[in-house]
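Report on one structure; see the data block that follows.
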Number of protein chains: 2
Amino acid sequence: MSGKTNAVSLLDRRATRRAASRAEIVEAAWLLVREEGLAGLSMRDLGDRVGMRAQSVYSYFDSKDDIYDAMFRQGYEEQLAWMADDEEAAGGFEDPATRLRVMAHRFFAFCTADPVRYQLLFQRTLPGFEPSAASYAVALAALEQMHAGFAQAGITDPAAADLATAVLTGLTSQQLSNDPGGMRWERLVDRAVTMLIREIAPHLLAKPDKPTTRVRRTP
Amino acid sequence: MSGKTNAVSLLDRRATRRAASRAEIVEAAWLLVREEGLAGLSMRDLGDRVGMRAQSVYSYFDSKDDIYDAMFRQGYEEQLAWMADDEEAAGGFEDPATRLRVMAHRFFAFCTADPVRYQLLFQRTLPGFEPSAASYAVALAALEQMHAGFAQAGITDPAAADLATAVLTGLTSQQLSNDPGGMRWERLVDRAVTMLIREIAPHLLAKPDKPTTRVRRTP
DNA sequence: GTCTATAATCTGATAGAC
DNA sequence: GTCTATCAGATTATAGAC
């Protein structure tokens, strides 16, 4: 019995070490693409970063695209966690409009925190790369989470959700390609959200507990 | 006299031929990046396309980045021409709101017509590439043309123009990274424009020659 | 202005010893 | 699982003949 237990725990240790090495490699890959650009990742540089020969990396990943795939998946897992934190912080205490506003700012922050991650996750800039089915499933889960957030804010019309998503990610890609310091992007996001609410869910602005009958935005 | 004239025209012919070759190379470069991606451009492939050895291309361009720079400039020249055609077609006959709407759709069409051009012009995805001062000046001219269009529609607030630009280019980048066939993007653009007008220039929706007192959009 | 030749370096990936 | 050795080729760019 003890022999079997030892064998199992040995396998466990090996699996753990392997997973740790894989994670280390992926982490190094992120550092590299932030410096050299997404397409500038090379197995040689990657090996140097983790203290291996480039060829040894192939013990952990089948190919370069396999590494991109792991990064892709990790990115969406990060989004899921990041936006879930938001939900938790909201805790159901906020009204739908504020909920939507917080969600928008948080998503904006997630995207702009790492431009190259945004590039990998939301733009098709790597020619030939296609995420695996498993990684794409995580991407779909993140999208679903987003739609669930919209639904909580009373936005069930798919076209409305599309518009909101498009405007939000659009603002992000604008921020990333333009001078990040020159504009008041937080303000721009806030104004866009207000505009969106009035367009797709005006009832959120006419709340009963606040005796504001005017539909216009309060400054 | 005739000698001097001949000399000049000879130089002219040479300059013309040289310009034609440069244009041919740039055109081939566009074809290549549409197939291989923006970062996938190689001097070898480029030479093959124009029927030269790769090394001969260096007679026309100092470096690979010099070619990107020419493409960058040409892209913005195309935008200037494309949007100027729009102005001409409008001819001052349209009301400001329609003017804004047409402008938005036309810009959207320009961007989505060539995804890789959009990538080069509006996104910073080529690591290390910086446009030359001359090319950047063309980019600024295109931006100024855009702002002039907004001004004609009565939108003078810089923040409002920023919001409009961000939402428009944002919708574009969304369309480019997502399934182009799955959504009704033209409708989405139209709805975004209506939303923008109501947000940044509501007076455009309450026109005197159309006795519509309702602020809501007419279907 | 185009060529050949070539420098000098990088690329992803595999075979096989240990 | 890491290494050496290596394949088979790519890359940008330069030198110099013609």
Side-chain angles (χ1 to χ4, degrees), chain A residues 7 9-29 31-33 35-72 120 125-130 132, chain B residues 7 9-29 32-33 35-72 125-130 132:
Chain A
S9 69
L10 220 165
L11 286 178
D12 277 354
R13 264 206 297 274
R14 280 185 188 170
T16 305
R17 283 182 63 90
R18 184 179 168 80
S21 294
R22 275 182 63 102
E24 193 190 346
I25 289 170
V26 169
E27 198 47 53
L31 292 174
L32 268 173
V33 295
E35 292 172 12
E36 307 290 334
L38 204 52
L41 179 66
S42 87
M43 301 298 275
R44 261 174 159 79
D45 291 349
L46 188 51
D48 285 354
R49 281 292 173 105
V50 294
M52 284 181 189
R53 302 277 82 190
Q55 298 90 324
S56 301
V57 180
Y58 285 91
S59 300
Y60 297 96
F61 294 93
D62 288 342
S63 68
K64 197 176 152 183
D65 271 4
D66 198 17
I67 294 172
Y68 281 132
D69 191 64
M71 297 166 79
F72 180 90
L120 177 60
T125 172
L126 271 182
F129 169 69
E130 288 291 330
S132 65
Chain B
S9 70
L10 218 165
L11 286 178
D12 277 355
R13 263 205 298 276
R14 281 186 189 170
T16 304
R17 283 182 65 90
R18 184 179 171 81
S21 293
R22 275 181 64 101
E24 192 189 347
I25 289 169
V26 169
E27 198 48 52
L32 268 174
V33 294
E35 292 172 11
E36 308 289 334
L38 203 52
L41 179 66
S42 87
M43 301 297 275
R44 257 175 161 80
D45 292 349
L46 188 51
D48 286 355
R49 282 292 173 105
V50 294
M52 285 180 189
R53 303 277 84 191
Q55 298 91 325
S56 302
V57 179
Y58 285 92
S59 301
Y60 297 96
F61 294 93
D62 287 341
S63 68
K64 198 175 151 183
D65 271 4
D66 197 18
I67 294 172
Y68 281 131
D69 191 63
M71 297 166 78
F72 180 89
T125 172
L126 271 182
F129 169 70
E130 288 291 331
S132 66

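Chain naming here is simple, since letters A, B, ... match the order of the sequence lines and numbering starts at 1 in each.
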Starting at atom [atom1] of [X], determine the distance to atom [atom2] of [N], rounded to an integer number of angstrom.
X	N	atom1	atom2	value
Ile67(B)	dT11(D)	CD1	C1'	14 Å
Leu126(B)	dT12(D)	CG	P	13 Å
Arg53(B)	dT14(D)	CZ	C1'	17 Å
Met52(B)	dA13(D)	CE	P	16 Å
Phe61(B)	dT14(D)	CZ	C1'	19 Å
Tyr68(B)	dT11(D)	OH	P	12 Å
Arg18(B)	dT2(C)	CZ	C1'	13 Å
Arg13(A)	dG1(D)	CZ	P	14 Å

Taking all non-hydrogen atoms of both residues, which atom of Gly37(A) and which atom of Pro127(B) are closest, and how far apart?
->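 In terms of heavy atoms, the two residues are closest at CA-CG, 4.0 Å.
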
Gap between atom CZ of Arg44(B) and atom CG of Leu32(B) - 0.5 Å precision =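 Going from the CG atom of Leu32(B) to the CZ atom of Arg44(B) covers 14.0 Å.
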
About how many Å separate CD of Glu24(B) and OH of Tyr60(B), when rounded to the nearest 0.5 Å?
->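 Result: 8.5 Å between the selected atoms.
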
Could you run down nucleotides 5-18 of chain C 5' to 3' and tag each one B, S or - for protein heavy-atom contact under 4.0 Å?
-> BB----BBBB----

Side chain of Ser56(A) (C-beta onward), nearest among dG1(C), dT4(C), dC3(D) =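 Among dG1(C), dT4(C), dC3(D), the one nearest the side chain of Ser56(A) is dC3(D).
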
Is a side-chain donor or acceptor of Tyr68(B) paired with a backbone partner of Leu38(B) at a separation under 3.5 angstrom?
->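 Present.
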
Sequence neighbours excluded, which residues qualify as side-chain contact (heavy atoms from CB on, under 4.5 Å) partners of Ala23(A)?
->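 With sequence neighbours excluded, Ala23(A) shows a side-chain contact (heavy atoms from CB on, under 4.5 Å) to no residue whatsoever.
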
By side-chain contact (heavy atoms from CB on, under 4.5 Å), which residues pair with Ser132(A), not counting sequence neighbours?
->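 With sequence neighbours excluded, Ser132(A) shows a side-chain contact (heavy atoms from CB on, under 4.5 Å) to Asp69(A), Ala134(A), Ser135(A), given in chain and number order.
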
